[in-house]
Number of protein chains: 2
Amino acid sequence: MGSRTRLDMGIILEKATELVDRNGLDQLSLNMLAQELNIKSPSLYNHFQGLEGLKQQLAIYGTEQLYAHLLPAAIGSKGDEAIHGLSRAYIDFARIHPGLYEATNRIPDHSDEKLQHVQEEVVKLVMQVLHSYHLEDEMAIHIVRGLRSILHGFASLIRTGGFQMPVDLDKSIPIVIDIFIEGIHSRVQQEEY
Amino acid sequence: MGSRTRLDMGIILEKATELVDRNGLDQLSLNMLAQELNIKSPSLYNHFQGLEGLKQQLAIYGTEQLYAHLLPAAIGSKGDEAIHGLSRAYIDFARIHPGLYEATNRIPDHSDEKLQHVQEEVVKLVMQVLHSYHLEDEMAIHIVRGLRSILHGFASLIRTGGFQMPVDLDKSIPIVIDIFIEGIHSRVQQEEY
DNA sequence: TTGCTTTAACTAATATAATTAGTTAAAATA
DNA sequence: TATTTTAACTAATTATATTAGTTAAAGCAA
């Protein structure tokens, strides 16, 4: 027999991503993952604390990936254009990685500071994109919540097959975002560029 | 010993709702459910096809409950007011029944016509609320998608603790909805009422 | 009522998954 | 080269889902 397989967290998370993207997060099991990696499932305990630990790591990894995917879209432009870019990138990511995206929506527990931190980074990125609108503090929070709701809701409903009507999905997001942007414009008197 | 417990689907789904609202959908198990009902887990197979069957039934039951909760809000008023009422009712439901709401977001499989049907009923209800805006057909679909995204996204983000900022959540939904409505108004030249 | 049918409980047994404990091979490093 | 650490391994336990076959009790018909 050849030498033992020797893995690191990166390889494990890549394979786990493959599995959840194919079968959904709730179908993820240590047995199947171990099989795919050509090791035995108890060996995985050297890398994380059981199935829950894996899901936690996957949530962090996925959120970092999401952040990296959003970043170029967020910094490359300003104002309305930046919101559209961010939105497209967000939905893109959720479509390319349905299972990994699902994993990012984990509820962090008290101990889980890393996950909380990376999730906050994503929120900050969305806030930055709205910065050029010069919104009053509290209103900025409400509007960020709205934008995040649209993006997350849209991504989730695509995944669960919630949008069945024979109307082009790719048109819907920019239109919905436009409506939201127009709402912002007509709500706040803004001095933009 | 007293006589055997004798259950029907209604009692089972009520107890299952209690459990998922308390512990989350992914913690639902036949063992725990059977224990709570004072029967043995194999007995549950007389009522549905295993754990997946239970989740399917729970999805249907939950969607029906959601529909019933939305209905009075949707029919009691018109236009902007109806959208606000529907939105409040939707978020309410997801807060009162976090686990049951989670269950309603099940992806229906081919065989699962009942679930598809009740899910469609909810979508139709949302469409009806937008009817008084006299939107052009395709635009109506885009806007329904937007409204559903906001509602589902908002409900999900509340559940996963996605909104951490110390700003009143109950204010956010009407503000976000107002922005969306204003966007609709400024986008489509409308002849209302 | 009496007896048949159906429902929904039961026990027993199996399979799969997660997990823990203790062990060992191999890589990294002093 | 010798030591330490990492990350694999096997063996065993526990929990859960599931299947098969059985039985008690409710509902209904003669």
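First the proteins, then the strands, lettered A, B, ... as listed; each starts at 1. None of these values were measured; they are calculated from a predicted model.
- Taking hydrophobic clusters as Ile, Leu, Val, Met, Phe, Trp and Tyr residues chained together by side-chain heavy-atom distances below 4.5 Å, A:V126 does not share a cluster with A:L115.
- Atoms CG (A:L30) and P (D:dC9) sit 14 Å apart, rounded to a whole Å.
- In this model, the phosphate group of C:dA9 is approached by a side-chain N or O of B:H47 to a distance below 4.0 Å at OP1 or OP2.
- Picking from D:dT16, D:dA7, C:dT19 the nucleotide with the shortest atom distance to the side chain of B:S29 gives D:dT16.
- Applying the side-chain hydrogen bond (donor to acceptor under 3.5 Å, both in side chains) rule to A:Y90 yields the partners A:Y101; only residues at least two apart in sequence or on another chain are considered.
- Of the side-chain N and O atoms in A:K40, one or more sit less than 4.0 angstrom from OP1 or OP2 of D:dT10.
- With rounding to whole Å, A:L44 atom CG is found 14 Å from D:dT10 atom P.
- Between the side chains of B:S41 and B:N31, at least one donor N or O lies within less than 3.5 Å of an accepting N or O.
- As a whole-Å value, the separation of A:L51 CG from D:dA15 P is 17 Å.
- With rounding to whole Å, A:F48 atom CZ is found 13 Å from C:dT20 atom P.
- For the pair B:N31 and D:dT16, the criterion of a side-chain N or O lying under 4.0 Å from OP1 or OP2 is met.
- Closest approach to the A:R6 side chain among C:dA8, D:dT6, D:dT18 is made by D:dT6 (side chain taken as heavy atoms from C-beta onward).
- Taking the side chain of B:P42 as heavy atoms from C-beta on, and the options C:dA18, C:dA9, D:dT19, the nearest nucleotide is D:dT19.
- In this structure, the CG atom of A:L54 is 10 Å from the P atom of C:dA18, given to the nearest Å.
- Rounded to an integer number of Å, the gap from B:Q35 CD to D:dA15 P is 11 Å.
- Regarding A:L28, its CG atom lies at a distance of 12 Å from the C1' atom of C:dA18, rounded to whole Å.
- Out of D:dA8, C:dA9, D:dT18, the shortest distance to the side chain of B:L7 is found at C:dA9.
- The ring pair (Phe, Tyr, Trp, His ring centres under 6.0 Å) analysis of residues 44-68 of chain B, with sequence neighbours excluded, yields no pairs.
- Proximity note for B:I39 (side chain, C-beta onward) versus D:dA11, C:dA9, D:dT18: the nearest is C:dA9.
- At D:dT19, none of the side-chain N or O atoms of B:Y45 fall inside 4.0 Å of OP1 or OP2 (strictly under the cut-off).
- Distance A:D8 CG to D:dA7 P: 8 Å, rounded to the nearest Å.
- Distances shorter than 4.0 Å separate some side-chain N or O of B:S43 from OP1 or OP2 on C:dC10.
- Panel note: side chain A:R95, backbone A:A155; no donor-acceptor pair is recorded below 3.5 Å.
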